[in-house]
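Notes follow once the structure below has been shown.
Keep in mind that the numbers below use all heavy atoms, side chains included, and drop hydrogens, waters and symmetry copies.
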Amino acid sequence: MPQQYPFGTSNDKYKTKLFVDTGHQYIQVKCKLIEPYSPPTPIPMMKEIKMINAPSHFHQMGISSYRTKMTLLFTNKQDYVDYLAFCGWTHKFYDERGAIYLGSLEAMAPIAEEANTKYVVEVSLVLIKKDSFDERDRFEFQDLKDDHGKDHWARQNIEEMANLGLITVVQKDGSPVLYFKPNMYITRAEYIVFLNRTRRFIERVLRE
């Protein structure tokens, strides 16, 4: 399932793209990622990451930290200077699978400069993986299989909506909802609640 557009149409929109926070929005860093590049890999030791202006739906739940090193090629001085102005702020990176990472710059080392025509910089980022779309089937309903063990025809869609937080999975007393009751009718109130949750979810995605 695509991370940037969870309902499907543009799963190849962002891959190996780097963005930086400018204080009011994320802008794409105007550079090319060239070799050497190492994909985000877990850091064995826990590391605190301070992020400026991080969106509220990025959660640190039992966090695994990641580190990546990449080489950035800027083709003109202005793009290079623009990045330097915000390089201390929060970064957002889409890896080669399209998974989203959020974090901060750990180190930066210029490699080459060529008379205002080419700037090559090696950067090291410490990141947190945004797992709200990556983690699958966190909630399992007990009635999505029939007596013969066959999956309900809507099982995948139901579990995706539960993972996205659009379906109630916890009762008021904190206990999990065990039965989805997929063949029962929905009430008008339940339909309105679902629409409202969907609206809030789309707003969060747009704020990325």
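The distance from the CD atom of Gln28 to the OH atom of Tyr94 is 9.5 Å, given to the nearest 0.5 Å. Of the inter-residue distances, the one linking Leu125 atom CG with Ser104 atom OG reads 7.5 Å to the nearest 0.5 angstrom. Arg200 CZ to Ile202 CD1: the interatomic distance, rounded to the nearest 0.5 Å, is 12.0 Å. A distance of 8.5 Å separates CG of Asp79 from SG of Cys31, quoted to the nearest 0.5 Å.
Taken together through direct or relayed side-chain contacts under 4.5 Å among Ile, Leu, Val, Met, Phe, Trp and Tyr, Ile34 and Val121 form parts of separate hydrophobic clusters. In terms of hydrophobic clustering, with Ile, Leu, Val, Met, Phe, Trp and Tyr side chains grouped at heavy-atom distances under 4.5 Å, Leu73 and Ile27 are assigned to different clusters.
Lys69 pairs by the side chain to side chain donor-acceptor pair (under 3.5 Å) definition with nothing, not counting sequence neighbours. Listed by chain and residue number, Asn116 satisfy the side chain to side chain donor-acceptor pair (under 3.5 Å) test with Tyr119 (two or more places apart in sequence, or in another chain). Residues that satisfy the side chain to side chain donor-acceptor pair (under 3.5 Å) test with Asp143, not counting sequence neighbours, are absent from this structure. Residues meeting the side chain to side chain donor-acceptor pair (under 3.5 Å) test with Ser124, sequence neighbours left out: Glu106.
Here the side chains of Thr71 and Leu33 are not in contact, with every heavy-atom distance at 4.5 Å or above. Side-chain contact between Lys145 and Lys150 is absent, with no heavy-atom pair separated by less than 4.5 Å. By the 4.5 Å heavy-atom criterion applied to side chains, Cys87 and Leu105 are counted as neighbours. Between Tyr80 and Pro110, the closest side-chain pair of non-hydrogen atoms falls below 4.5 Å. Taking the side chain as every heavy atom from C-beta outward, Ile167 and Phe141 approach each other to under 4.5 Å. Counting only heavy atoms from C-beta outward, the side chains of Tyr179 and Gln142 approach each other to under 4.5 Å. Counting only heavy atoms from C-beta outward, the side chains of Phe74 and Val120 never approach each other to under 4.5 Å. Side-chain contact check for Leu84 versus Met108: some heavy-atom pair is nearer than 4.5 Å.
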Walk me through it: do Trp153 and Asp151 pass the test side-chain contact (heavy atoms from CB on, under 4.5 Å)?
CA-CA 6 Å; Trp153 63 269; Asp151 284 344; over 6 Å; no
Stepwise, does the side-chain contact (heavy atoms from CB on, under 4.5 Å) test hold for Lys92 with Ile100?
CA-CA 7 Å; Lys92 182 165 63 171; Ile100 305 173; 3.9 Å; yes
Output, in order, the C-alpha distance, side-chain angles, deciding distance and verdict of side-chain contact (heavy atoms from CB on, under 4.5 Å) for Met70 and Leu18.
CA-CA 10 Å; Met70 59 185 72; Leu18 182 65; 4.2 Å; yes
Side-chain donor-acceptor pairs under 3.5 Å in residues 185-195, sequence neighbours left out?
residue	atom	partner	partner atom	Å
Thr187	OG1	Glu190	N	3.1
Thr187	OG1	Glu190	OE1	3.3
Glu190	OE1	Thr187	N	3.0

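The aromatic ring centroids of Tyr66 and Tyr101 lie less than 6.0 Å from each other.
A side-chain hydrogen bond (donor to acceptor under 3.5 Å, both in side chains) check over residues 29-43, counting only residues at least two apart or in different chains, returns the pairs Tyr37-Glu96.
For the ring-ring contact (aromatic ring centres under 6.0 Å, His included) with His91, the qualifying choice from Tyr26, Phe86, Phe19, Tyr83 is Tyr83, the only one to do so.
Heavy atoms only, all atoms of each residue included: Asn76 and Gln78 are closest at OD1-N, 3.1 Å. Closest of all the heavy-atom pairs between Thr68 and Pro39 is OG1-C, 3.9 Å.
Between the side chain of Thr90 and the backbone N or O of Asp21, no donor-acceptor pair lies under 3.5 Å. When atom types are taken as modelled, the side chain of His152 and the backbone of Ala154 share a donor-acceptor pair closer than 3.5 angstrom.
A donor atom on one side chain and an acceptor atom on the other are not found under 3.5 Å apart for Arg97 and Thr16.
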